[in-house]
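All remarks here apply to the structure that follows.
Note that the numbering runs from 1 along the sequence shown for the chain. Whatever order the structure lists ligands and atoms in, that order sets their numbers, starting from 1.
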Amino acid sequence: VVEANDADRLRELIGALHPKTGRARVVGLTGPPGVGKSTLVNSLVGELCARGRTVAVLAVDPSSPFTGGALLGDRIRMQAHSGNPGVFIRSMASRGRLGGLSAVTAQALTVVDAAGFDDVIVETVGVGQSEVEIATLADTTVVVLAPGLGDGVQAAKAGVLEVADVFVVNKADQPGAGKTVAELRGTLAPSTGSAGIESWVVPIIRTVGVRPTGVAELADAIDTHERHLDVSGDRMRRVRARALHAIREISLDQVRRTIERFEDDSDSALGELADGVAARVLDPYVAADKLIEALGMGASSER
Ligand SMILES: Nc1nc2c(ncn2[C@@H]2O[C@H](COP(=O)(O)OP(=O)(O)O)[C@@H](O)[C@H]2O)c(=O)[nH]1
Ligand SMILES: [Mg+2]
């Protein structure tokens, strides 16, 4: 249902599942293309399974309208875990969907959380807003970089830095890994100035996704951060921010769809307002105010 994107059935499904959610640990994993996110997720899944946890992986591609080559590659790579009933892997495309990346991811998260998975890993390509959206949905956000990207740390400065709870420098077997770590540390230094008892110092972990090396350390860092969330009270703040975000996204989506529905109707309030604006009787701002008043918003009046 989530993938079919059927608004009415989604409403029912989320309504039924929402009370059963809130138990899964949600780890967002983001970073530029090609740094080895999928490889690392695959290794992390193995590590978490070895620790007795069940794991769901949601690989979200914000650019592709359908499952394309890259995701197909991920599927093949992650087949190592097929046949393990404690592991669920799903690739999702989000372009052109209602509410975009965060809505479809939030819905899928609700389903796997209610299904009882201990851990949910959400892998997204870090482009523009997507990593910030993932940080809203995740308990722990892992930002993955790799040496030799040149602008890797620069890209990190442009938004990723604030959302990272854990940094990973993957491909630590490649030259330049130490330099990337040092650059990251330099960028982090100012923001970790307030060394209060509850302040979180973002760890930088070196990994080799293909071997794998450093993956146990990554799993430990995620554990440590989860404990920090409880000790500091950050978890409640994040849960509430997530709730607020969800309400806002759904409301915006409903307002937009209601207004788009008006547009199809030549005799609608919108049609009359358009006549008024065209005839210079109204200005478009006043017309928009009137339209919003006329909406009498709410899902019940909309049906
Ligand atoms: N040398 C090296 N190559 C890696 C490592 N991790 C992943 N790769 C390779 O990097 C490429 C991109 O990996 P992928 O996981 O698809 O990256 P993603 O786009 O971030 O998901 C693949 O060819 C991997 O085999 C690593 O730790 N070291
Ligand atoms: Mg990938």
Q.
Assess whether a salt bridge exists between R206 and E217, defined as any Lys/Arg side-chain N lying under 4.0 Å from an Asp/Glu carboxylate O.
A. no
Q.
Please report whether ligand 1 has a polar contact with A172, defined as an N or O pair separated by less than 3.5 Å (distance criterion only).
A. no
Q: Measure V144 to ligand 1 on non-hydrogen atoms and call it side chain, backbone, both or neither using the 4.0 Å cut-off.
A: neither
Q: Compare Q174, R211, K171 and give the one whose heavy atom is closest to atom 4 (C) of ligand 1.
A: K171
Q | Connected via hydrophobic side-chain network under 4.5 Å: L252 and I259 | A | no
Q) Among P33, G214, G34, whose heavy atom sits nearest atom 12 (C) of ligand 1? A) G34
Q. In this structure, which one of N170, T213, D173 forms a side chain to side chain contact (heavy atoms under 4.5 Å, CB included) with T207?
A. N170
Q.
Minimum distance, heavy atoms only, to atom 6 (N) of ligand 1: which one of N170, L40, V208 is it?
A. N170
Q) Just which atoms of ligand 1 are under 4.0 Å from any heavy atom in G209? A) 26 (C), 27 (O)
Q: Flag the pair L48 / I121 as yes when at least one side-chain heavy-atom distance between them is below 4.5 Å, and no otherwise.
A: yes
Q: Examine the side chains of E123 and T30 and answer whether a donor and an acceptor come within less than 3.5 Å of each other.
A: no
Q) Taking the N/O/S atoms of E123 one by one, which is nearest to the Mg ion (ligand 2)? A) OE2
Q. What are the atoms of ligand 1, with element, lying closer than 4.0 Å to any heavy atom of E123?
A. 21 (O)
**Q.** Partner of H225 by side chain to side chain donor-acceptor pair (under 3.5 Å), out of D139, T140, T141
**A.** T140
Q) Hey, is ligand 1 close enough to T207 that some N/O pair sits below 3.5 Å? A) no
Q | Lys/Arg N to Asp/Glu carboxylate O, R51 vs D118, below 4.0 Å | A | no
**Q.** Metal site the Mg ion (ligand 2): N/O/S of T39 inside 2.8 Å
**A.** no
